[in-house]
Asker: 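Below is one structure. I have some questions about it.
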Amino acid sequence: MDQAAEKYLAAFPVDRFQKQLLYWFERNMRQLPWREDRDPYKIWVSEVMLQQTQVDTVIPYYKRFMERFPTLEALAEADEEEVLKHWEGLGYYSRARNLHQAVKEVKERYGGQVPENREDISTLKGVGPYTAGAILSIAYGQREPAVDGNVLRVISRLLYIEEDIQKVKTRRLVEAIVQCLIPEGRASYFNQGLMELGALVCTPKSPHCLTCPVHEVCLAYQQGVQSQLPVKAKKKKPKTVKLVAGVLTDGEQVLIRQRPNSGLLAKLYEFPNVEWYGHEPAETISRYLFETYGLRAETVEEWPLVQHTFTHLIWEIRVYRLQLAEPLGGTLKSAQNRLSLASETRWERIGNLDRYPFPVSHQKIKKELRQRL
DNA sequence: GATTCGTGGGT
DNA sequence: TACCCAAGAAT
C-alpha cells in the first residue's frame, strides 16, 4: 500500500465508514437516467458529459444523446458534426470529439466491447484517471478508485488532508486512499456514494454535517474545520478579448464559417469575426473580410454588444450587420464564387442555421438575426 | 506542472 | 458585483 495513504488511514475506522456510506447511499441515491442499467457505453457517455458539468445540466443532453445514439455502434457510425450538434451548449466540445473518436476506436480495435482494464481503457481519447475508474467500477464492478472533485472534497475533510487538491500529487494520494477504502464487491455503490455524498451533503460552501451519515468518523467535523477544507489555490481573473463580428446577409442567406480543428470551440460554426484594437471596429471587420475573403462589405447597422465569459477569458463582441458593396457588383451568388477557395466558409440560408453547432456566444448573434429578419 | 478547454448556477 | 463551483482531460 501507498505509504502516505497508510499514514492517513492508520487510525481510521474503515469498516464503520464503509457501512455508513453504503447504507446512506442505498436509501438516498438519486434516480438518474444513466443509473437505469450498467451498459458500459451509457456509463461512459454520462461520465464524459458530467466532467466539470452539473447533473441537472447534463440530464436533458444525456437523454437526447441516447435517443439519437442508443448504442456504441450508432455513435461510431455517426458524423462528427451531428455529434457536435447534440453537444451544442454543453461546453468543452473536445469531449464530444474525443468520445466520438474513442468509440470508433473501441468498435474497430476491441470489437465494440469497452475495455475492462485500466491500461487499455486509459488509451482512449478523453478517458483520464477519473473516467477510467468510473467506468471500471460502475459498469464492471472493479475495485478501482474514481476520484473527482466531490471525492477530493469528501476525503480531504474526512481525513483532514490539507494538501492543495488541485495538485496531481494530492489526487494520486486520494486515489491510493480510496483504493484502500473500497469494500470487496461494492465498488460501484461505494464510489457513487462518495460522489453523491459530495454532491448532496458534503457540499463546497456550507456542508450539512448535522445530517451527514458519516460525521461521527469525519476528522474535519470533529475539529470543526469542515468549512476550511479542502485547500485550493485561487484562480486567476480571465482576460478580456475584444472581437468584432460581421453578419453579412441579404436577408435570405448569411455568411458563416467553421472554426479551426483545434483550440477554443474547435470545429464549431460562427459568424466571421476578428480581434480588434484601437481603431473603429466596423472598419476593422470590413477590412478583415476583404483581406481574408476578398469581400467588399459595408456596415448597415450595429447590433447589441455580445458579452460571453469562458473559464479563462471574456469575449466582448461588437456585432455589425453588413451588406455587400456595389462596386464589385456583388450579389451573394457572385460572392460565393470568390469564396470557393475559403473552405471553412459557407453561405447558408438563415432558416438552415440550426443545422450547425454554434457556441453559445454566437447563438446570441443568431438569435438577434432571427428577431430582425 | 501550469494552461487551456464552456457553460450555467449559486451566493 | 464578483467570485466560486461542477462526476476532468489534453497539451
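Since we're looking at a predicted model, the values are computed, not measured. So you know, we letter chains A, B, ... as the sequences are listed, proteins then strands, and number each from 1. Basis for what follows: all heavy atoms, side chains included, without hydrogens, waters or symmetry-related copies.
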Asker: Around Glu26(A), counting heavy atoms of other residues, nucleotides and ligands shown, do more than 12 lie under 6.0 Å from its CD?
Answerer: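 More than 12 heavy atoms, drawn from other residues, nucleotides or ligands, come within 6.0 Å of this atom.
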Asker: Using ring centroids (six-membered ring only for Trp), state whether Trp34(A) and Tyr62(A) fall under 6.0 Å.
Answerer: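 For Tyr62(A) and Trp34(A), the ring centres are under 6.0 Å apart.
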Asker: Whole-Å distance between dA6(C) P and Leu197(A) CG?
Answerer: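 Rounding to the nearest Å, CG of Leu197(A) and P of dA6(C) are 14 Å apart.
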Asker: In the structure I gave you, are the side-chain heavy atoms of Ile43(A) and Arg38(A) within less than 4.5 Å of one another anywhere?
Answerer: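 No; the side chains remain at least 4.5 Å from each other.
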Asker: Suppose you measure atom P in dA6(C) against the same atom in dG1(B); what distance do you get, rounded to whole Å?
Answerer: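 Those two atoms are separated by 22 Å.
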Asker: So Lys237(A), base contact, sugar-phosphate only, or nothing? Heavy-atom distance under 4.0 Å.
Answerer: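 Answer is sugar-phosphate: Lys237(A) comes under 4.0 Å of backbone atoms only.
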Asker: Atom NZ of Lys364(A) and atom C1' of dG8(B): how far apart are they, to the nearest Å?
Answerer: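 In whole Å, dG8(B) C1' and Lys364(A) NZ are 11 Å from each other.
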Asker: Do Lys42(A) and Glu36(A) touch side chain to side chain, with heavy atoms closer than 4.5 Å?
Answerer: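 A side-chain contact is absent here, since even the closest heavy-atom pair is not under 4.5 Å.
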Asker: Over 60° means perpendicular and under 30° means parallel, so classify the ring planes of Phe310(A) and Trp315(A), tilted if in between.
Answerer: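 Correct class here is perpendicular.
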Asker: How long is the line joining OH of Tyr92(A) and P of dT4(B), in whole Å?
Answerer: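 Those two atoms, OH and P, are 12 Å apart.
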Asker: Please find out if less than 6.0 Å separates the ring center of Phe65(A) from that of Tyr61(A).
Answerer: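 No, too far apart.
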Asker: Using a strict cut-off of less than 4.0 Å between a Lys/Arg side-chain nitrogen and an Asp/Glu carboxylate oxygen, indicate whether Lys364(A) and Glu368(A) qualify as a salt bridge.
Answerer: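 No, this pair does not count.
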Asker: Protein-nucleotides 9-11 of chain B N/O pairs closer than 3.5 Å?
Answerer:
none

Asker: Quick check: Phe25(A) with Phe190(A) (ring centres under 6.0 Å apart)?
Answerer: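 No: the rings miss the under 6.0 Å criterion.
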Asker: When we call it a touch if two heavy atoms are under 4.0 Å apart, what does Gly89(A) touch: a base, just sugar-phosphate, or nothing?
Answerer: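 Result for Gly89(A) = sugar-phosphate.
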Asker: Looking at every heavy atom in both Phe358(A) and Lys366(A), which two are closest together, and how far apart are they?
Answerer: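 Distance-wise, the nearest heavy atoms are CD1-NZ, 4.1 Å.
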Asker: Determine the contact category for Lys169(A): base if any of its heavy atoms lies under 4.0 Å from a base atom, sugar-phosphate if only primed atoms, P, OP1 or OP2 are that close, otherwise nothing.
Answerer: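 No contact at all - Lys169(A) keeps every heavy atom at 4.0 Å or more from the nucleic acid.
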Asker: Suppose we screen for side-chain contact (heavy atoms from CB on, under 4.5 Å). Which residues come up paired with Leu200(A), at least two apart in sequence or across chains?
Answerer: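 Partners of Leu200(A) by the side-chain contact (heavy atoms from CB on, under 4.5 Å) criterion, ordered by chain and then number, come out as Trp24(A), Arg30(A), Glu196(A).
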Asker: What is the distance, rounded to the nearest whole Å, between atom CZ of Arg118(A) and atom C1' of dA9(C)?
Answerer: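 The answer, rounded to whole Å, is 14 Å.
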Asker: Looking at His312(A), I'd like to know whether one of its side-chain N or O atoms comes within less than 4.0 Å of OP1 or OP2 on dC5(B).
Answerer: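 For dC5(B), OP1/OP2 do have a side-chain N/O of His312(A) under 4.0 Å.
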Asker: Should Lys234(A) be listed as having a side-chain N or O under 4.0 Å from OP1 or OP2 of dC4(C)?
Answerer: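 False: Lys234(A) side-chain N/O out of range (4.0 Å or more) of dC4(C) OP1/OP2.
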Asker: Taking only the side-chain nitrogens and oxygens of Tyr93(A), find out if one of them lies under 4.0 Å from OP1 or OP2 of dT7(B).
Answerer: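 So the side chain of Tyr93(A) is within the cut-off, an N or O lying under 4.0 Å from OP1 or OP2 of dT7(B).
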Asker: Ser94(A) or Glu47(A): which one's nearest nucleotide on DNA chain C is closer to the 5' end?
Answerer: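 In this pair, the answer is Glu47(A).
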Asker: Below 4.0 angstrom, which residues in residues 148-164 of chain A have at least one non-hydrogen atom near DNA chain C?
Answerer: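 Of all residues in residues 148-164 of chain A, the ones placing a heavy atom under 4.0 Å from DNA chain C are Asp148(A), Gly149(A), Asn150(A), Arg153(A).
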Asker: When the C1' atoms of dC5(B) and dA2(C) are considered, how many whole Å apart are they?
Answerer: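 Rounded to whole Å, the distance is 22 Å.
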Asker: Rounded to whole angstroms, how far apart are OH on Tyr130(A) and P on dG8(C)?
Answerer: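 So the two atoms are 6 Å apart, to the nearest Å.
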Asker: Specify the residues of residues 32-46 of chain A, ordered by number, for which at least one heavy atom lies under 4.0 angstrom from an atom of DNA chain C.
Answerer: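 Here the set is Leu32(A), Trp34(A), Arg35(A).
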Asker: Counting neighbours of CZ on Arg109(A) that are heavy atoms of other residues, nucleotides or ligands and sit closer than 6.0 Å, is the number greater than 12?
Answerer: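 No.
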Asker: Rounded to the nearest 0.5 Å, what separates atom CG in Leu243(A) from atom CD1 in Ile285(A)?
Answerer: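 Those atoms lie 9.5 Å apart.
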Asker: List in numerical order all residues of residues 259-276 of chain A for which some heavy atom is under 4.0 Å away from an atom belonging to DNA chain C.
Answerer: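 The stretch gives none, as no residue of it lies under 4.0 Å from the strand.
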Asker: Under 6.0 Å from the CZ atom of Phe17(A), do we count more than 12 heavy atoms belonging to anything else shown?
Answerer: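 Result for CZ/Phe17(A): enclosed.
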Asker: Take atom CG of Leu50(A) and atom C1' of dT7(B), then tell me their distance rounded to the nearest Å.
Answerer: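 It works out to 14 Å between those atoms.
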Asker: Any idea which heavy atoms bring Asp2(A) and Ala5(A) closest together, and the distance?
Answerer: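 Heavy atoms only, the tightest pair is OD1-N, 2.9 Å.
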Asker: Regarding Arg30(A), tell me which of base, sugar-phosphate or nothing describes its non-hydrogen contacts under 4.0 Å with the strands shown.
Answerer: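 Since a base atom lies under 4.0 Å of Arg30(A), the category is base.
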Asker: So, does the side chain of Thr53(A) form a donor-acceptor pair with the base of dG8(B) at under 3.5 Å?
Answerer: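 Absent.
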Asker: For dG6(B), take OP1 and OP2 only and decide whether either is under 4.0 Å from a side-chain N or O of His308(A).
Answerer: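 No, outside the criterion.
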Asker: Output all residues satisfying salt bridge (Lys or Arg N to Asp or Glu O under 4.0 Å) with Glu270(A), sequence neighbours left out; order by chain, then residue number.
Answerer: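 Listed in chain order: Arg257(A), Arg259(A).
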Asker: Round to the nearest Å and state the distance from Trp87(A) atom CH2 to dA9(C) atom P.
Answerer: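 Answer to the nearest Å: 13 Å.
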Asker: At less than 4.0 Å, is any side-chain N or O atom of Gln52(A) found next to OP1 or OP2 of dG8(C)? Yes or no.
Answerer: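 The answer is yes; a side-chain N or O of Gln52(A) sits under 4.0 Å from OP1 or OP2.
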Asker: Looking only at atom P, what distance separates dA7(C) and dT4(B), rounded to whole Å?
Answerer: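 24 Å, rounded to whole Å.
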Asker: Would you kindly give the CD-to-C1' distance between Gln166(A) and dA6(C), to the nearest whole Å?
Answerer: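 Between C1' of dA6(C) and CD of Gln166(A): 13 Å.
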